[in-house]
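Atoms within each ligand, like the ligands themselves, are counted from 1 in listed order. The model shown is predicted, which means the values in this text are computed figures rather than measured ones.
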Amino acid sequence: MKTPLYIVMLGPPGAGKGTQAKVLAQALSLVHISTGDLFREHLKNETELGQLAQSFMNKGELVPDGVTIKMVEERLAKPDCVSGAVLDGFPRTPVQAEALETLLAQFDAGVKVVPFINVPDEVLVERLSGRWVSSSGRVYHALYNPPMVQWIDDLDGSELYQREDDQPETVRHRIKVYRDQTAPLIDYYTQKSLLVEIDGTQSIEGVTEDLMKAVEEA
Ligand code: AP5
C-alpha cells in the first residue's frame with residue numbers, strides 16, 4: 001500500500017490556504033479538511049460544538065485546543081482519509097501540531113510537507129474584506145476571483161455572503177492571534193525540515209504552480 005500523504009497548509013488568515021487546499025486536494029485525489037469549514041458546518045447544524053465554536057470565531061479567537069483536536073481526530077479516523085489529506089487551518093498551535101504527530105503515528109504516517117503561504121498584512125485585509133463565500137464553501141473575491149454574476153455562486157446559483165469574522169476589526173485581531181499563537185509553527189516545521197515558503201502575493205495560478213512543485217519535491 002502507498003504511504004499516505006498528509007499536507008499541512010500554513011499561513012495567515014486570508015493567505016489563500018482554503019483556495020489552494022481545494023485545488024491541491026482535487027489534483028492529488030486527497031480529502032480537504034478545513035477546521036474552519038468543519039466548525040461552520042457545526043454552526044449551521046446548530047450542534048453544541050457549533051455554539052461553542054461560534055463564541056470564539058466571531059471574536060477572531062481560536063477555539064480551545066481540546067475540542068479542536070478531538071474534532072480532527074474523529075475526521076481523520078474516517079475511511080476517506082486512508083490515502084492522506086490536505087489539512088487547512090490545522091494545526092494552529094504547537095499543542096495541535098504535537099497532537100497531529102501522535103494521531104498520524106497511529107497510522108504509521110506523518111506530515112510530508114508544510115507549504116507556508118506568505119502574504120503581508122495589508123494584502124490580507126484587502127483579500128478578506130473582498131471575500132464572498134457560498135454556503136457550500138466555495139470562495140470568491142470581488143476583484144481577484146469574481147463570480148460570473150455578482151453575489152451569485154457560479155455552480156448552484158445560491159446567494160454569496162461575507163463571513164461575520166471578515167469585518168476589518170475582527171480581521172486585524174485574527175492576524176494578531178495568528179502572529180501570537182500560530183506563527184511559532186513556522187519554526188516548529190522548519191526544524192523538522194518540512195516547511196516550504198511560497199510567495200502568496202502571486203496570482204492564484206502562480207501560487208498553485210509553486211505548491212505543486214513543493215509537493216512533488218517533498
Ligand atoms: P478559518 O476558516 O480556517 O479561517 P483562516 O485561517 O483565518 O483562514 P481564512 O479562511 O480566512 O483564509 P484562507 O487562508 O483560507 O484564504 P482564502 O483561500 O479564503 O478559521 C476561522 C476561525 O475558526 C478561526 O478564526 C478560529 O476561530 C476557528 N478555527 C479554525 N481552525 C482552528 C484551529 N485549528 N484551532 C482553533 N480554532 C480554529 O482566500 C482569501 C481571499 O483571497 C478570497 O477571497 C480568495 O478568493 C482571495 N485570494 C486567494 N488567493 C489569492 C491570490 N493569490 N491573489 C488574489 N486573491 C486571492
Report task. Return yes when Gly130 approaches ligand 1 closer than 4.0 angstrom through a heavy atom, no otherwise. Result -> no
Report summary line: for atom 53 (N) of ligand 1, nearest protein heavy atom and its distance come out as Gln202 O, 2.9 Å
Report task. Please determine, by modelled atom types, if Thr47 and Asn45 share a side-chain donor-acceptor pair under 3.5 angstrom. Result -> no
Query raised in the report: Which pairs with one or both residues in residues 145-188 pass ring-ring contact (aromatic ring centres under 6.0 Å, His included), sequence neighbours excluded?
Result: Trp132-Trp151
Report summary line: Counting heavy atoms under 4.0 Å, the part of Pro12 that contacts ligand 1 is backbone
Query raised in the report: What is the nearest protein non-hydrogen atom to atom 35 (N) of ligand 1, stated with its residue, atom name and distance?
Result: Gln96 NE2, 2.9 Å
Query raised in the report: Got a salt bridge between Asp156 and Arg138, using NZ or NE/NH1/NH2 to carboxylate O under 4.0 Å?
Result: yes
Query raised in the report: In this structure, are over 12 heavy atoms from other groups packed under 6.0 Å from Glu101 atom CD?
Result: yes
Report summary line: Quick note on ligand 1: atoms under 4.0 Å from a heavy atom of Gly18 include exactly 13 (P), 15 (O), 18 (O)
**Report entry** Lys/Arg N to Asp/Glu carboxylate O, Asp80 vs Lys78, below 4.0 Å
**Finding:** no
Report task. For ligand 1, find out whether one of its N or O atoms is nearer than 3.5 Å to an N or O atom of Pro91. Result -> no
Query raised in the report: So which protein heavy atom does atom 37 (N) of ligand 1 come closest to, and at what separation?
Result: Val63 N, 3.0 Å
Query raised in the report: If every non-hydrogen atom of Leu100 is compared with every non-hydrogen atom of Pro91, which pair is closest and at what distance?
Result: CD2-CD, 3.9 Å
Query raised in the report: Do Arg127 and Asp166 sit within salt-bridge range, that is, some charged N less than 4.0 Å from a carboxylate O?
Result: no
Report task. Tell me which part of Thr68 gets within contact of ligand 1: side chain, backbone, both or neither, using heavy atoms under 4.0 Å. Result -> side chain
Query raised in the report: Does a sphere of radius 6.0 Å around CD in Glu159 hold more than 12 heavy atoms from other residues, nucleotides or ligands, not counting ones at 6.0 Å or beyond?
Result: no
Report summary line: Residue, atom and distance of the protein heavy atom nearest atom 52 (C) of ligand 1 read Arg127 NH2, 3.3 Å
Query raised in the report: For ligand 1, is there an atom lying under 4.0 Å from some heavy atom of Pro64?
Result: no
Report summary line: Cys81 and Leu76 have their tightest heavy-atom pair at CB-O, 3.5 Å
**Report entry** Which residue and heavy atom of the protein sit nearest atom 31 (N) of ligand 1, plus the separation
**Finding:** Thr35 OG1, 2.8 Å
Query - Heteroatom proximity flag, Phe56 to ligand 1, N/O under 3.5 Å - result: no
Query raised in the report: At the 4.0 Å heavy-atom cut-off, does Gly11 count as touching ligand 1?
Result: no
Report task. Have a look at ligand 1 and work out which part of Tyr178, if any, has a heavy atom under 4.0 Å from it: side chain, backbone, both or neither. Result -> neither
Query raised in the report: Which bit of Leu128 is near ligand 1, meaning a heavy atom under 4.0 Å away: side chain, backbone, both or neither?
Result: side chain
Report task. Give the atoms of ligand 1, by number and element, whose distance to some non-hydrogen atom of Tyr140 is under 4.0 Å. Result -> 43 (C), 44 (O), 46 (O)
Query raised in the report: Quick one: which of Arg92, Arg131, Met71 has a heavy atom closest to atom 19 (O) of ligand 1?
Result: Arg131
Requested in this report: Apply side-chain contact (heavy atoms from CB on, under 4.5 Å) to Gln54 and Glu164, showing your working.
Outcome: CA-CA 10 Å; Gln54 185 180 29; Glu164 181 91 26; over 6 Å; no
Report task. Check the surroundings of atom NZ in Lys112: do more than 12 heavy atoms from other residues, nucleotides or ligands lie under 6.0 Å from it? Result -> no
Query raised in the report: Under 4.0 Å from any heavy atom of Ile204, which atoms of ligand 1 are there?
Result: 50 (N), 51 (C), 52 (C), 53 (N)
Requested in this report: Work out whether the distance between some heavy atom of Ser203 and some atom of ligand 1 is less than 4.0 Å.
Outcome: yes
Query - ligand 1 N/O within reach of Thr19 N/O, cut-off under 3.5 Å - result: yes
Query raised in the report: Between the side chain of Thr190 and the main-chain N/O of Leu195, is any donor-acceptor distance below 3.5 Å?
Result: no
Requested in this report: Using a strict 4.0 Å cut-off to heavy atoms of Tyr144, name the atoms of ligand 1 that fall inside it.
Outcome: 55 (C), 56 (N)
Query raised in the report: Is Arg163 near ligand 1, meaning one of its heavy atoms is under 4.0 Å from it?
Result: yes
Contacts under 3.5 angstrom, residues 210-218 side chains, donor-acceptor by atom type, not counting sequence neighbours:
residue: Asp210; atom: OD2; partner: Gln202; partner atom: NE2; Å: 3.0

**Report entry** Gap separating the CG atom of Leu38 from the CZ atom of Arg75, nearest 0.5 angstrom
**Finding:** 7.0 Å
Report summary line: When distances are taken from atom 8 (O) of ligand 1, the protein heavy atom at minimum range is Lys17 NZ, 3.3 Å
Report task. Pull out every atom of ligand 1 sitting under 4.0 Å from any heavy atom of Arg40, numbered as shown with elements. Result -> 2 (O), 21 (C)
**Report entry** Where Ser135 and Lys44 come nearest, the two heavy atoms and their spacing
**Finding:** O-NZ, 3.6 Å
Query raised in the report: Has Gln20 got any heavy atom lying under 4.0 angstrom from an atom of ligand 1?
Result: no
Report task. For Gly89, take its heavy atoms, then give the atoms of ligand 1 lying under 4.0 Å from any of them. Result -> 31 (N), 32 (C), 33 (C), 34 (N)
Requested in this report: Assess the side chains of Asn118 and Glu197: does a donor N or O sit below 3.5 Å from an acceptor N or O?
Outcome: yes
Report summary line: dist Leu155:CG -> Ser134:OG (nearest 0.5 Å) comes out at 8.0 Å
Query raised in the report: Should the proximity of Glu61 to ligand 1, defined as any heavy atom under 4.0 Å, be assigned to the side chain, the backbone, both, or neither?
Result: backbone
Requested in this report: Please confirm whether Gly16 comes within less than 3.5 Å of ligand 1 when only nitrogen or oxygen atoms on both sides are compared.
Outcome: yes
Report summary line: ligand 1 atoms nearer than 4.0 angstrom to some heavy atom of Arg174 are 4 (O), 5 (P), 7 (O), 9 (P), 11 (O)
Query raised in the report: Is the count of non-hydrogen atoms from other residues, nucleotides or ligands lying under 6.0 Å from Glu122 atom CD greater than 12?
Result: yes
Report summary line: Closest to atom 38 (C) of ligand 1 among protein heavy atoms sits Phe39 CE1, 3.7 Å
Query - Numbered atoms of ligand 1 (with element) below 4.0 Å of His141, judged on heavy atoms - result: 44 (O), 46 (O)
Report summary line: of all protein heavy atoms, closest to atom 28 (C) of ligand 1 is Met57 CG, 3.8 Å
